[in-house]
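Shown next, in structure tokens, is the structure this report addresses.
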Amino acid sequence: MRIVMKFGGTSVSTGEKIRNVANIVRDNIRIGHEVVVVVSAMGDITNQLIEEAEKVENGNEEKIQEFIKKLFEKHANVIDVSIKNKNLKEETKLEVKKIIDELKKILTGICYVGELTLKTKDQVLSFGERLSALIVSSTLKDHELESHYFTGKEAGIVTDSKFGEANPLMNFTTHQIIQRIDPLIEKRIIPVITGYIAANQNGIVTTLGRGGSDYTATILGVALDVDEVWIWTDVDGIMTSDPKIIKEAKTLAGLSYGEAAEMAIFGAKAMHPRALEPVIKKHIPVRIRNVFNPKNSGTLISEGAEVESKEVVKAIALINDVSMINIKGARMVGAPGSYAKIFDILGKNKINIMMVSTAVSEANISIIIRRSQLERAMSILEIALLGRNLGNEVTAEEYVSVIAVMGANMKGSLGVASRIFTSVAKKDINIMMIAQGSSELNISFVVKEKDGAAAVSSIHEEFNLSK
Ligand code: ADP
Ligand code: ASP
Ligand code: MG
């Protein structure tokens, strides 16, 4: 088989784990598979890069050196464990140093200019994957395998210029990937390609959105016409709920593309929401597998592989790190355009609205946004609402969670909402906001963050998802 294998940040966060990845690749090569590797940045390096870029925007040059030093040490320590061959170890460290020196220059530039555009931010974010792909490729060499490492740009992935959330130009990309990557596979050289990052038509670095390495894997899978795309992660597959929260969560053996995409969109972190787009058209199956349990065949996402379940609810996602804003006021009643103004103000300030609910009285509207954007959203709304024909009170609930209950069979089935809310009420948990899209494929509601796990657990039990 020809397979694209993507290894997530959780699978490459230490030297031992990278050796484990190399063993998995070697085992698959030995049984005759053709393998193309895609890797994410190690652990939470992407988050650290974002934080650092935002810090230096406010000018703190001395801190840059400290960050650079730590970043080098972190990667050098990983190399010390993942690569045994002395020369290879030193060569790889030297290469890491070169890459990190380049990052230092960019961070210093941001510091002096005092401005962090989405374009520059993508440049900074590309370094996590550049470092991890290099180390994984060297570790494969250390395992007596031939390997070559590429950035997404070098591999030929071309996108539009929507920095931070770029879209691949599939025809051009396919053409380039076939030219650059196919010959290596023929020669049994394993290509290791950075996930998440690509370049626009002018060669400027872009990123595919958070968690975008999954997307890189499916883009490559389609271009190289592979038999399957394997997404290796740290759990057994896509499960009925996050196994880190619900111990009884069960692995779903098969999912249709539609079901998997819906789960990703509604917050099951195991998969990037847009990653399935390329493979659906070509009917290429995607398998989610566990690097720490490679005997398990994981979850197969393919056409017709529906979840077998008598229950209407199939999975539950818990979304943390969100806050709720409430805008109240009699001034909104019967005033056309008042909701539009609220959305417009938030949109112009790049604050993404994740969920909305209003009452027919028109006197209040509740909005869910990322918690990191709460302070900014509150001040923007307050300034904008002053003296306008809008609400007259803006309040926030900082620590809330969204729970999304999913299942294609929910459509048209009676009593699902009542079972969900009764099971939550039995645990004495207060529901603060509810929304159901007209697709009826999911119901989302909001509770206090401290109640989130218990609410998910009660629904998981009510619908017998661990059976
Ligand atoms: P990776 O680093 O491999 O990309 P992610 O952290 O992006 O891994 O996604 C894997 C994590 O997603 C798991 O460790 C698990 O805690 C979480 N998760 C949330 N919901 C689900 C779900 N329904 N099924 C499986 N994993 C889930
Ligand atoms: N490293 C990137 C992120 O953290 C992409 C990925 O992990 O898929 O979002
Ligand atoms: Mg991920």
Side-chain angles (χ1 to χ4, degrees), residues 5-14 17 21 38-51 121-122 124-133 152 164-166 193-198 206-219 230-253 255 259-275 286 288-293 296 298-299 301 307 313-321 401-407 442 452-453 456 459-460 465-466:
M5 295 192 184
K6 173 258 175 176
F7 295 92
T10 44
S11 318
V12 293
S13 56
T14 66
K17 287 183 187 173
V21 163
V38 174
V39 285
S40 294
M42 285 168 23
D44 77 333
I45 294 289
T46 305
N47 288 338
Q48 292 180 26
L49 288 167
I50 292 180
E51 241 175 67
K121 196 169 179 180
D122 274 1
V124 173
L125 294 188
S126 72
F127 282 86
E129 269 74 8
R130 285 175 63 183
L131 293 166
S132 63
E165 199 78 44
I193 300 161
T194 58
Y196 181 50
I197 61 179
T206 55
T207 63
L208 304 172
R210 293 307 306 273
S213 299
D214 301 334
Y215 204 2
T216 305
T218 56
I219 292 168
W230 291 359
I231 309 282
W232 290 95
T233 183
D234 64 342
V235 292
D236 275 338
I238 297 192
M239 310 182 76
T240 51
S241 197
D242 187 343
K244 283 176 190 149
I245 298 160
I246 305 294
K247 274 195 215 73
E248 304 79 36
K250 215 185 75 181
T251 309
L252 300 165
L255 283 169
E259 284 173 329
E262 189 193 313
M263 286 187 64
I265 289 164
F266 288 103
K269 223 180 126 204
M271 179 97 199
H272 182 282
R274 282 186 297 155
V286 175
I288 317 283
R289 306 190 61 176
N290 188 348
V291 272
F292 307 117
N293 186 16
N296 192 304
T299 299
I301 304 169
V307 178
V313 167
K314 287 178 179 169
I316 309 155
L318 177 67
I319 302 146
N320 288 324
D321 302 320
S401 294
V402 175
I403 292 161
V405 185
M406 297 163 275
N442 96 87
V456 173
I459 304 164
H460 205 267
L465 293 185
S466 52

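Index from 1, following the sequence. When a ligand or atom number is given, it counts from 1 through the structure's own listing order.
Near Ile238, the atoms of ligand 1 lying under 4.0 angstrom from a non-hydrogen atom of the residue are 24 (N). Each of the following atoms of ligand 1 lies closer than 4.0 Å to a heavy atom of Asp234: 10 (C), 13 (C), 14 (O). Near Gly212, meaning under 4.0 Å from one of its heavy atoms, ligand 2 places the atoms 5 (C), 6 (C), 8 (O). Proximity to Glu129 (heavy-atom distance under 4.0 Å) selects the following atoms of ligand 2: 1 (N), 2 (C), 5 (C). Near Val235, meaning under 4.0 Å from one of its heavy atoms, ligand 1 places the atoms 13 (C), 14 (O), 25 (C), 26 (N). Close approach of ligand 1 to Met239 (heavy-atom distance below 4.0 Å) involves ligand atoms 22 (C), 23 (N), 24 (N), 25 (C). Close contacts of ligand 2 with Thr46, meaning ligand atoms under 4.0 Å from a residue heavy atom, involve 1 (N), 2 (C), 3 (C), 4 (O). Annotation for ligand 1: atoms under 4.0 Å from non-hydrogen atoms of Lys244 are 13 (C), 14 (O), 16 (O).
Heavy-atom distances between Lys6 and ligand 1 reach below 4.0 Å in at least one pair. For Gly237, the closest heavy-atom approach to ligand 1 falls below 4.0 Å.
Under the 3.5 Å distance criterion, the side-chain polar atoms of Ser241 are left unmatched by any main-chain donor or acceptor of Ala317. Judged by distance alone, the side chain of Asp122 and the main-chain N or O of Gly164 form a donor-acceptor pair under 3.5 Å. Judged purely by atom type and a 3.5 angstrom limit, Glu165 has no side-chain atom pairing as donor or acceptor with the backbone of Gly209. A side-chain donor-acceptor contact under 3.5 Å links Ser132 to the backbone of Ser40. For the pair Asp214 (side chain) and His272 (backbone), a donor-acceptor distance under 3.5 Å is present.
Close N/O approach between Gly209 and ligand 2 is not found [any backbone or side-chain N/O within under 3.5 Å]. Checked against a 3.5 angstrom limit, the closest N/O atoms of Tyr196 and ligand 2 fall outside it. Between Gly9 and ligand 1, at least one pair of N/O atoms sits closer than 3.5 Å.
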Worked verdict on Thr233 versus Asn290 for side chain to side chain contact (heavy atoms under 4.5 Å, CB included): CA-CA 5 Å; Thr233 183; Asn290 188 348; over 6 Å; no

Worked verdict on Gln48 versus Asp44 for side chain to side chain donor-acceptor pair (under 3.5 Å): CA-CA 7 Å; Gln48 292 180 26; Asp44 77 333; 3.0 Å; yes

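Under 4.0 angstrom from ligand 2, there are no non-hydrogen atoms of His272. Both the backbone and the side chain of Thr233 come within 4.0 Å of ligand 1, counting heavy atoms alone. Looking at Ser213 against ligand 2, both its backbone and its side chain come within 4.0 Å, counting heavy atoms.
The single protein non-hydrogen atom nearest to atom 7 (O) of ligand 2 is Ser40 OG, 3.2 Å, given as residue, atom name and distance. In terms of protein heavy-atom proximity, atom 4 (O) of ligand 2 is nearest to Arg210 NH2, 2.9 Å.
Closest to atom 17 (C) of ligand 1 by heavy atom, among Thr299, Asp242, Thr10, is Asp242.
Classification of Asp234 and Arg289 as a salt-bridged pair fails, no side-chain N sitting under 4.0 Å from a carboxylate O.
In terms of heavy-atom proximity, Val124 sits nearest to Leu49 at O-CD1, 3.6 Å.
Using a 4.5 Å cut-off on side-chain heavy atoms (C-beta onward), Thr240 and Ile316 make no contact.
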